[in-house]
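None of these values were measured; they are calculated from a predicted model.
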Amino acid sequence: MPKFLKKRWHGYYTVWAFILLLLLVMFVTIYNWTLGLISLILASALGIVMIKAELAFRRELNDYINGLSIRIKRMEGEAVSMLPFGIVLYSEDRTVEWHNRFVAEMFQEKTMVGNPLLNLFPKLPQPKEKKDGTKEHSSKEFHDEFQLDDRHYGVIHNPQERYVYVYEITELAILRDKYENERLALGILVLDNLDEAAQGMDDQQRTALIARVTSEITSWAKRYEVYLRRLSSDRYLLMLNHKSLQELEQSRFVILDEVREMTADLKVPMTLSVGLAFGSDSISEMGELAQSSLDMALGRGGDQAAVKSGQRLSFYGGKSNAVEKRTRVRARVIAHALRDLMQESDRVLIMGHKIPDMDAIGASIGVWKAASLYNVEARIVLDGINPSIERMMEQVNKDEKLSKAFVSPEQATQMMTEHTLLVVVDTHKASMTMEPKLVQSATRVVVVDHHRRGEEFINDAVLIYLEPYASSAAELVTELLQYIHDKVQFTPLEATALLAGITVDTKHFALHTGSRTFEAAGFLRRSGADTIMIQRLMKEDLSEYIAKAEIIKHAKMVYGNIALAVTDPGSKIPQMMIAQVADTLLNMTDVVASFVISERPDGLIGISARSLGRMNVQVVMERLGGGGHLTNAAVQLEGTLGEAEKRLTNVLAEIEKEEGLFE
């Protein structure tokens with residue numbers, strides 16, 4: 001019984017009153033024993049009555065409290081059972097021991113007792129098994145969400161106390177999905193080759209062409225609930241919500257194919273490029289991301305869409321080759337800007353990609369020549385000689401002046417100052433350069449490259465000359481040299497190095513060539529390039545030819561027109577030979593694309609991909625972490641040959657399922 005009840009006024013205070021009454025009875029008895037006796041009898045009777053009343057009160061109070069406790073416990077059970085969320089208790093072997101009514105109604109079962117916990121909540125983390133065989137349970141609470149039929153639930157799992165809370169969040173999930181679906185996305189759409197497609201047309205024909213394409217774009221925008229606003233004759237603003245963006249990605253931007261097919265009767269079919277951005281709360285930032293995505297799409301050759309959603313960057317389309325730009329204005333502007341940057345620098349460092357080829361070396365020598373025309377100290381960074389440039393470097397070493405221009409990455413790092421200009425050729429990815437630390441330490445970087453732009457890019461470059469229509473970096477450098485100085489005089493070796501770079505990347509002018517390629521080659525030939533020397537530089541040994549034939553023996557046809565060759569385990573094949581085998585397979589009848597997989601001397605697995613244009617091998621290699629051109633791409637992977645082959649075939653299957661492998 002609570003103390004405050006025991007201390008009530010008719011409790012202990014009454015006892016003290018009886019003690020006082022007995023004292024009075026004693027005094028009365030001393031003076032008159034008869035009155036004292038009567039007083040004693042009356043006081044005793046009164047005490048008995050009061051004691052019985054007290055005992056009855058306590059008994060009734062205890063009965064009331066016990067009854068109240070029973071009612072409270074019964075109500076507790078009912079309340080837990082009727083809670084608007086679920087409670088699951090489980091044993092050490094993760095079997096359900098008890099749950100309330102919410103859980104039974106949620107799973108539409110009478111009872112879930114005895115079921116394994118993972119049957120109810122498959123996503124709950126499993127305990128880790130120790131070396132001694134015992135299991136270690138996590139001490140952290142686990143929060144998760146799951147969907148059951150059309151209902152959404154949240155889960156709180158406490159492994160220490162072995163219980164799980166489940167609560168419904170259907171309304172929150174619906175509201176969240178609605179918010180996500182209605183979030184704004186911004187985009188820019190451009191007709192990326194309008195001038196080339198409309199070349200030779202009069203104003204009326206050009207206007208009619210633009211009207212046809214605009215009508216098709218407008219119809220597409222209405223179909224996907226996209227707000228379209230024309231900004232100029234070849235540029236449009238796109239405003240849409242996230243739901244529409246997801247539908248566009250699922251359709252893989254079918255408008256790209258529709259416009260290209262609609263204008264297929266033209267000499268140069270019309271192509272579109274789209275840049276979209278989503279995920280930022282700032283409209284201005286989203287606009288900048290949309291423009292950046294568009295630049296990425298154009299930098300990869302156009303005819304594609306680039307979508308920047310948070311940290312994810314996705315590409316769609318890109319099935320056609322980049323259209324060669326016929327204006328030389330950009331080349332002249334870049335040449336003058338590069339000249340000014342060189343003259344403002346204390347020295348110029350030139351660097352290509354790792355394991356450089358003829359194109360990287362030729363382009364580097366061309367940039368070195370440009371710097372020497374203005375008496376600016378220039379050095380070419382080279383980290384070792386590989387078989388693909390061995391013969392070229394033998395010729396370079398015979399030239400006293402040119403041989404001194406080559407330095408190691410360590411020497412280049414020591415030479416780097418605040419006023420040094422770093423020129424990166426034949427790549428735009430810092431991780432693929434000869435020495436990535438040089439890119440990080442350089443305050444001014446220039447990029448000259450012909451590869452389609454990838455997600456990784458040297459964004460803080462002061463000057464970027466990225467033209468995917470060009471055959472090679474050597475072609476771009478040759479064009480720049482014609483504008484960088486009024487009178488450029490090459491030595492035969494310098495001109496030969498540049499022409500060799502173009503020759504190698506175009507496979508003797510058979511692939512990825514345009515009129516500008518032949519113009520650059522003609523300029524180099526007039527400047528003293530030795531084609532006989534190029535022929536000698538590109539000769540191969542009989543043993544190499546036999547080794548290539550051995551690899552080709554393993555080739556098989558997949559998807560009807562794709563040649564796939566995988567070398568024997570343990571065979572260490574240089575990257576250059578892997579690429580040469582892929583080129584050779586492309587010459588076979590009915591082969592429109594080739595993939596060669598082999599282990600390289602450095603332990604990595606190299607994959608070289610080639611195509612005649614009907615298949616975009618760049619997209620395939622990008623999904624594996626590599627990159628390149630529509631017709632020429634590669635990747636280096638860790639693992640085994642079998643794993644690399646499986647990954648490649650999985651990617652081919654995905655692309656075939658999504659949009660088809662061939663144009």
Side-chain angles (χ1 to χ4, degrees), residues 188 275 277 279-280 282 284-301 306-313 315 330-331 333-354 356 360 363-364 367-368 370-371 376 378-381 383 409 412-468 470 473 476-477 480 484 622 625-628:
I188 303 171
S280 175
S282 169
S284 60
E285 182 180 352
M286 209 177 323
E288 292 174 359
L289 291 174
Q291 182 61 54
S292 175
S293 299
L294 178 63
D295 293 341
M296 184 78 74
L298 292 171
R300 291 164 58 88
V307 180
K308 178 73 173 176
S309 180
Q311 297 300 315
R312 177 178 64 89
L313 182 60
F315 299 100
R330 177 167 167 76
V333 171
I334 294 291
H336 291 171
L338 179 59
R339 177 195 62 197
D340 295 340
L341 286 169
M342 286 180 171
Q343 290 178 322
E344 294 168 1
S345 306
D346 58 358
R347 67 172 56 88
V348 178
L349 294 178
I350 307 138
M351 179 169 60
H353 51 77
K354 295 175 182 176
S364 298
V367 176
W368 171 84
V376 178
R379 293 290 185 270
I380 300 171
V381 184
D383 187 14
T413 303
Q414 295 175 357
M415 297 171 67
M416 176 71 72
T417 67
E418 185 180 350
H419 301 289
T420 299
L421 178 68
L422 176 65
V423 181
V424 176
V425 297
D426 205 27
T427 184
H428 56 263
K429 298 180 179 180
S431 62
M432 291 186 65
T433 58
M434 193 78 64
E435 179 53 78
K437 292 180 181 178
L438 286 175
V439 180
Q440 297 173 0
S441 59
T443 57
R444 295 185 302 169
V445 180
V446 174
V447 176
V448 180
D449 189 24
H450 68 112
H451 293 100
R452 289 192 173 201
R453 181 169 173 173
E455 186 173 351
E456 183 188 349
F457 194 76
I458 304 174
N459 289 311
D460 53 352
V462 294
L463 187 63
I464 298 172
Y465 192 29
L466 184 69
E467 296 291 356
L476 294 175
V477 172
L480 294 177
I484 210 164
E622 282 183 337

Novice: Specify the closest pair of heavy atoms between M434 and P409, including all atoms of both residues, with the distance to one decimal.
Specialist: CG-CG, 4.3 Å
Novice: Please check this pair: side chain of R453 against backbone of A297, looking for a donor-acceptor N/O pair closer than 3.5 Å.
Specialist: no
Novice: Taking C-beta and beyond as the side chain, do E622 and F315 meet within less than 4.5 Å on heavy atoms?
Specialist: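 In contact.
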Novice: Should L438 and T433 be marked as a side chain to side chain contact (heavy atoms under 4.5 Å, CB included) after you check the CA-CA gap, both sets of side-chain angles, and the distance that decides it?
Specialist: CA-CA 9 Å; L438 286 175; T433 58; over 6 Å; no
Novice: Is the shortest side-chain heavy-atom distance between M415 and R379 below 4.5 Å?
Specialist: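 The answer is yes, as the side chains (C-beta and beyond) meet within the 4.5 Å cut-off.
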Novice: If I compare all heavy atoms of I484 with all of A370, which pair ends up nearest, and what's the gap?
Specialist: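 Nearest heavy atoms, I484 then A370: CD1-CB, 3.8 Å.
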Novice: So, applying side-chain contact (heavy atoms from CB on, under 4.5 Å) with V423, which one of V445, L463, V348 is it?
Specialist: V348
Novice: Testing I458, V367, L421 one by one against V446 for a side-chain contact (heavy atoms from CB on, under 4.5 Å), which residue passes?
Specialist: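 Testing each of I458, V367, L421 against V446, the sole residue satisfying side-chain contact (heavy atoms from CB on, under 4.5 Å) is L421.
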Novice: Specify the closest pair of heavy atoms between M416 and A442, including all atoms of both residues, with the distance to one decimal.
Specialist: CE-CB, 3.9 Å
Novice: Determine the minimum heavy-atom distance between L289 and A277, stating which atoms define it.
Specialist: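 What the structure gives for the nearest pair is CB-CB, 3.5 Å.
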Novice: Should H428 and I464 count as side-chain neighbours, where that means a heavy-atom distance under 4.5 Å?
Specialist: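 Side-chain contact under 4.5 Å: no.
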Novice: With a 3.5 Å distance limit and no angle check, can you tell me whether E435 reaches the backbone of T413 through a side-chain donor-acceptor pair?
Specialist: no
Novice: Test side chain to side chain contact (heavy atoms under 4.5 Å, CB included) on V425 and M351; report intermediate values, then the result.
Specialist: CA-CA 6 Å; V425 297; M351 179 169 60; over 6 Å; no
Novice: Between T443 (side chain) and E418 (backbone), is there a donor-acceptor pair under 3.5 Å?
Specialist: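 Side chain of T443 to backbone of E418, a donor-acceptor pair under 3.5 Å: yes, one is there.
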Novice: Which heavy atom of S364 sits nearest a heavy atom of G352, and at what distance?
Specialist: OG-N, 4.4 Å
Novice: Between D426 and H451, is the side chain to side chain contact (heavy atoms under 4.5 Å, CB included) condition met? List the steps.
Specialist: CA-CA 7 Å; D426 205 27; H451 293 100; 3.2 Å; yes
Novice: Heavy atoms, side chains only, cut-off 4.5 Å: are K354 and M432 in contact?
Specialist: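 Counting from C-beta outward, K354 and M432 never come under 4.5 Å.
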Novice: If you take all heavy atoms of Y465 and A331, which pair is closest and at what distance?
Specialist: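 For Y465 versus A331, the nearest heavy atoms are OH-CB, 3.5 Å.
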Novice: Is there a side-chain contact between V448 and V424 (heavy atoms, below 4.5 Å)?
Specialist: no
Novice: What verdict does the side-chain hydrogen bond (donor to acceptor under 3.5 Å, both in side chains) test give for T427 and D449, after you've listed the backbone C-alpha separation in whole Å, the side-chain angles of each residue and the deciding distance to 0.1 Å?
Specialist: CA-CA 5 Å; T427 184; D449 189 24; 5.2 Å; no
Novice: Keeping the roles fixed (side chain from R444, backbone from H419), state whether a donor-acceptor pair exists under 3.5 Å.
Specialist: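 Side chain of R444 to backbone of H419, a donor-acceptor pair under 3.5 Å: yes, one is there.
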